[in-house]
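Worksheet: one structure, shown below.
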Amino acid sequence: METAVIVKVAVSAAPYSIDKPYDYWVPEPFSDSALLGVRVTVPFGRGNRTSEGIILARAIGIKRKTLKPISSLLDREPVLDQDGIALAIWMRQRYFCTLFEAVKTILPAGLWYRLREVWRLKNPELDRLSADRMSSSIPRAFPILDILYAAGGSADAETLRAACGEQTDAVLRALQKAEVVVCETAAKRKIGDKSRRMAELSMSAEEALALVEPRRRSAPQRYEVVRLLAAAGRTSAADICYFTGASMRTLRGLEKAGILTFSEEELLRLPIQRQVGPAPPIVLNPEQQAAFDTLTALLSSGQPEAALLHGVTGSGKTLVYLRLVQEVLRKGRTAIVLVPEIVLTPQMMRKFSAYLGETVAMLHSSLRMGERYDQWKRIRRGEIRVVLGTRSAIFAPLKNLGVVILDEEQESSYQSENPPRYHAREIAKFLCARNQALLVLGSATPAVETAYGAESGAYREVLLRQRYNARSLPRVTVADLRQDIRNGRAGMIGEILQAELIENLERGEQSILLLNRRGSSRMLLCGECGHVPECPRCSVPLTYHSANGRLMCHYCGHSERAPESCPACGGRMKQIGAGTQKVEEELHELLPGVGVLRMDADTVSNGHEMILNRFEQEHVPILLGTQMVAKGLDFEDVTLVGVLSADISLYMDHYRAAERTFNLLTQVVGRAGRGSRPGRAVIQTYTPDNEVIQSAARQDYKSFYQSELRMRRMRRYPPFADLFTFTVSGPEEGNVLRAAIGVREALRQICRLPELAADEPEVLGPAPAPVLKVNNRYRYRILLIGRNNRQTREQVSWLLKRFAGDRANRGTNLFVDCNPLE
DNA sequence: AGCACGCCGACT
DNA sequence: GTCGGCGTGCTC
């Protein structure tokens with residue numbers, strides 16, 4: 001029997017329902033380089049389509065008849081080590097994704113190849129007449145041959161598809177069978193350099209307008225695009241689409257018609273801040289020293305238990321992190337430090353590089369793909385020993401990991417928003433266990449689950465109670481907005497807050513106002529019939545953007561020009577919604593001539609940091625913004641913080657609503673009085689007696705935690721149970737609902753299994769998702785309240801596979817999330 | 001999912 | 001007789 005090197009491969013073409021390691025044999029020339037963690041291309045499926053894959057295991061074995069060979073190697077050296085492969089396998093069973101999806105998440109995007117199918121004539125000498133004769137029985141073969149011959153004998157599949165439409169693939173396969181053409185797959189690196197596509201007119205503005213003007217009615221978008229380009233000159237394609245509502249398709253059409261030309265523009269490299277100032281030696285106060293001692297003791301134990309560093313705002317957790325990382329480096333090991341937001345990385349980076357110098361690397365999502373990839377290579381080569389970054393930095397390929405630190409561990413940004421929706425804390429736990437490394441979760445307001453873990457002994461709790469320089473907490477006033485209503489004040493700013501703002505203005509001190517809601521959504525409403533324009537593809541009202549005068553959908557990206565009169569009755573349209581713009585107007589009315597800086601999703605695109613710099617340097621009296629103003633920003637002169645309405649996030653339909661509100665309020669209140677002067681905070685609310693608001697006002701984590709934990713125990717929420725959210729989606733509401741009911745019934749069956757029944761699992765639903773329709777797909781949810789253990793996950797996995805395999809569910813899709821944060 | 005194979009009805 | 005519809009089953 002013939003033997004060969006046999007490898008197990010995670011294949012990208014395998015969907016979840018059939019995902020497993022597939023065996024391939026390795027042809028002799030590859031056998032030395034086809035190592036574990038090397039990416040490959042392989043034939044897959046009946047049609048032997050070329051698919052990407054990665055080698056998970058390797059052995060010498062019998063070359064069975066049914067095995068197919070590896071087609072090519074994509075790497076000279078492995079891109080994943082044994083730990084990385086183990087992590088991918090773990091992620092598959094934890095997040096219900098395929099092995100390959102897990103690998104893709106672990107590796108940096110800059111590393112990925114684009115598989116390009118190139119079709120060419122099998123015999124380059126073949127003349128057109130013979131080719132036509134050979135393919136005479138294949139319908140629609142002529143246009144494809146036309147292009148192939150015009151392009152000199154070969155063309156890539158994308159070009160062919162663009163020119164020949166729907167059935168290109170089928171025709172190509174038929175031509176392949178007739179031995180007219182062959183297909184080759186070329187792996188092309190997605191080049192790391194991020195550039196953006198720019199467009200400009202390829203003729204004078206007058207000429208271009210003259211060309212599109214006659215068809216202004218039938219092709220309004222073309223006309224709009226040309227008008228914009230005529231006025232603005234060279235513009236990025238993304239901006240053109242934003243301001244005109246045209247799609248990329250329209251732009252390409254204009255390119256084809258010779259009216260505009262595309263070009264690429266390099267995005268400027270962010271200058272890396274390396275102002276390594278003289279770093280004074282770190283002096284810890286007794287409490288910090290005690291915390292440090294406890295953590296180092298844990299570090300030296302063989303298999304350290306994880307620690308919760310619970311320190312009030314301003315207790316100097318960062319100094320403890322720094323000392324700990326120094327200690328880890330001294331032992332010849334490496335460290336990962338995670339922060340929740342990109343905005344916070346430069347601040348933290350400055351501190352870290354001051355103490356640790358060149359061994360620190362920053363890794364976060366706003367790095368350009370190429371930079372990210374370069375950093376990744378430096379880390380792999382061992383040049384970097386400390387990685388600081390946001391969520392995805394947890395996948396940094398450090399060797400000999402000693403510690404992972406998650407700062408502000410309760411933040412929801414640690415959970416990925418797209419599948420696999422991993423949580424950096426869970427990945428960190430896995431990595432730490434495997435490397436005998438220490439996991440440190442730092443927070444002033446830990447997640448309820450984490451605090452419960454500390455209470456029940458799963459984490460070692462280390463406390464920091466003292467505020468830095470013994471500063472006192474801000475004086476907090478809870479202002480009852482109902483009182484203002486009784487007094488005839490209908491605005492967003494009540495009497496108490498106004499008085500405090502005036503006081504601050506007189507003293508020449510700065511204030512921060514928080515509007516507790518996401519984004520800045522304003523809608524249009526007809527003043528006469530009440531009609532609200534909705535998204536044609538989603539079940540949400542469209543949001544009005546004043547920057548471009550358009551109505552846009554945040555879910556699917558639909559965009560249309562805002563109507564001047566009501567499409568239903570012709571009445572006048574009004575803007576409604578309490579966005580930051582509205583509050584800004586109110587502020588101008590109440591405090592004429594006072595400078596206000598606004599920071600929200602609308603303004604943030606043109607520079608988060610710029611706004612903050614202006615606030616600090618130009619000493620603008622008031623900064624008004626959404627949640628982002630609450631996060632870790634320190635300004636010397638801010639002595640007043642106002643929360644416009646504390647209630648909004650309390651009544652969201654989510655089990656973490658109270659926790660989120662408490663965290664936000666505590667954080668934002670902590671922004672006041674960071675300098676030498678004492679701070680004040682005003683929390684406006686319609687429910688001043690609410691326990692969450694009261695405990696946030698007192699900065700009393702313990703009492704919030706205890707009442708929240710009682711509630712969660714009663715309602716069987718995490719940490720007392722795990723919530724699996726099943727979402728069924730599809731284009732037809734009836735089918736979706738039917739499929740969802742099927743899922744519920746299957747889950748109820750599963751729950752009766754003896755191995756699960758002991759935990760008393762419960763199944764609820766189906767209920768329509770909070771936004772029922774997104775992108776013309778209806779979504780229904782089923783909730784399973786149970787335990788996230790191996791048995792449950794196996795059952796869930798089985799259900800997912802069965803759902804995908806059932807033909808009755810065609811067109812619908814099912815996915816699962818466990819304990820989603822959002 | 002994506003593809004081939006196979007088994008039936010409407011055409012040259 | 002053959003083209004193409006869709007139902008069925010497999011993916012190393």
Side-chain angles (χ1 to χ4, degrees), chain A residues 1-27 30-31 34 36 38-73 85 88-89 92 96-104 115 117 119 135-142 157-158 160-161 165-178 181 183 185 419-420 728-731 735 739 777 797 799-816:
Chain A
M1 210 98 67
E2 203 183 344
T3 62
V5 175
I6 309 291
V7 286
K8 293 204 180 292
V9 178
V11 179
S12 74
Y16 184 74
S17 51
I18 61 161
D19 183 49
K20 62 174 177 186
Y22 285 89
D23 288 350
Y24 286 87
W25 67 273
V26 180
F30 299 152
S31 57
L36 205 115
V38 165
R39 289 171 302 162
V40 294
T41 59
V42 292
F44 189 75
R46 292 223 200 201
N48 285 329
R49 283 180 318 123
T50 305
S51 169
E52 266 176 278
I54 187 161
I55 299 176
L56 302 171
R58 171 192 159 103
I60 308 285
I62 296 155
K63 198 166 114 188
R64 277 165 282 145
K65 274 269 165 26
T66 51
L67 286 190
K68 293 178 186 176
I70 297 270
S71 313
S72 71
L73 301 181
I85 290 169
I89 292 169
R92 172 170 70 157
F96 310 106
C97 63
T98 67
L99 284 163
F100 199 80
E101 283 162 347
V103 169
K104 262 203 126 127
L115 286 191
E117 278 176 37
W119 293 84
S135 41
S136 58
S137 65
I138 303 165
R140 285 181 285 265
F142 286 8
E158 258 171 73
L160 291 166
R161 253 174 242 139
E166 294 266 309
Q167 304 194 334
T168 311
D169 286 39
V171 180
L172 283 170
R173 268 191 302 280
L175 283 169
Q176 187 177 28
K177 223 171 185 175
V181 299
C183 176
T185 21
V728 181
S729 69
N735 284 341
R777 290 180 75 85
S797 172
L799 177 69
L800 285 170
K801 287 176 185 166
R802 214 196 53 164
F803 184 94
D806 188 344
R807 290 193 200 288
N809 296 327
R810 249 183 314 182
T812 62
N813 188 9
L814 170 66
F815 74 87
V816 191

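Chain letters run A, B, ... following the sequence lines, proteins first, then strands; residues in each count from 1.
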A/Pro27 side chain reached by A/Ile70 side chain, heavy atoms, under 4.5 Å
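A side-chain contact under 4.5 Å exists here.
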Is the closest side-chain heavy-atom distance between A/Val103 and A/Arg39 below 4.5 Å?
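A side-chain contact is absent here, since even the closest heavy-atom pair is not under 4.5 Å.
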Integer-rounded Å distance: C/dT8 P and A/Arg46 CZ
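That distance rounds to 15 Å.
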Tell me: CD1 of A/Ile54 to P of C/dC12, nearest whole Å?
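A/Ile54 atom CD1 is separated from C/dC12 atom P by 19 Å.
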By side chain to side chain contact (heavy atoms under 4.5 Å, CB included) - contacts of A/Ala174 (at least two apart):
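Once residues adjacent in sequence are excluded, the partners of A/Ala174 under the side chain to side chain contact (heavy atoms under 4.5 Å, CB included) criterion are A/Ile138.
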Separation between [atom1] of [X] and [atom2] of [Y], rounded to the nearest 0.5 Å:
{"X": "A/Lys68", "Y": "A/Phe44", "atom1": "NZ", "atom2": "CZ", "answer": "8.0 Å"}
{"X": "A/Asp806", "Y": "A/Thr812", "atom1": "CG", "atom2": "OG1", "answer": "8.5 Å"}
{"X": "A/Glu101", "Y": "A/Phe96", "atom1": "CD", "atom2": "CZ", "answer": "13.0 Å"}
{"X": "A/Phe803", "Y": "A/Leu814", "atom1": "CZ", "atom2": "CG", "answer": "5.0 Å"}
{"X": "A/Ile60", "Y": "A/Trp25", "atom1": "CD1", "atom2": "CH2", "answer": "13.0 Å"}

Check: [Y] main-chain N/O paired with [X] side-chain donor or acceptor under 3.5 Å:
{"X": "A/Tyr24", "Y": "A/Pro43", "answer": "yes"}
{"X": "A/Ser51", "Y": "A/Ala13", "answer": "yes"}
{"X": "A/Ser31", "Y": "A/Val26", "answer": "no"}

A/Arg807 (side chain) and C/dG9 (base): donor-acceptor pair under 3.5 Å
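A donor-acceptor contact between them is present.
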Among all residues two or more places apart in sequence or in another chain, which pass the salt bridge (Lys or Arg N to Asp or Glu O under 4.0 Å) test with A/Arg92?
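A/Arg92 satisfies salt bridge (Lys or Arg N to Asp or Glu O under 4.0 Å) with A/Asp19 only.
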Tabulate protein N/O versus nucleotide N/O from nucleotides 2-4 of chain C, keeping only pairs under 3.5 Å, one per line.
none

Please give me every residue in residues 60-72 of chain A whose heavy atoms get under 4.0 Å of an atom in DNA chain C, ordered by residue number.
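Here the set is A/Thr66, A/Leu67, A/Lys68.
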Within residues 5-26 of chain A, which residues have any heavy atom lying less than 4.0 Å from an atom of DNA chain C?
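Contacts with DNA chain C under 4.0 Å: A/Ile18, A/Lys20, A/Tyr22, A/Asp23, A/Tyr24.
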5' to 3' on DNA chain B, which nucleotides open and close the contacts with chain A (atom under 4.0 Å from a heavy atom)?
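That gives a stretch of B/dA1 to B/dC5.
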Consider side chain to side chain contact (heavy atoms under 4.5 Å, CB included). Of A/Leu73, A/Val38, A/Val40, which one does A/Phe30 pass it with?
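Only one option passes, and that is A/Leu73.
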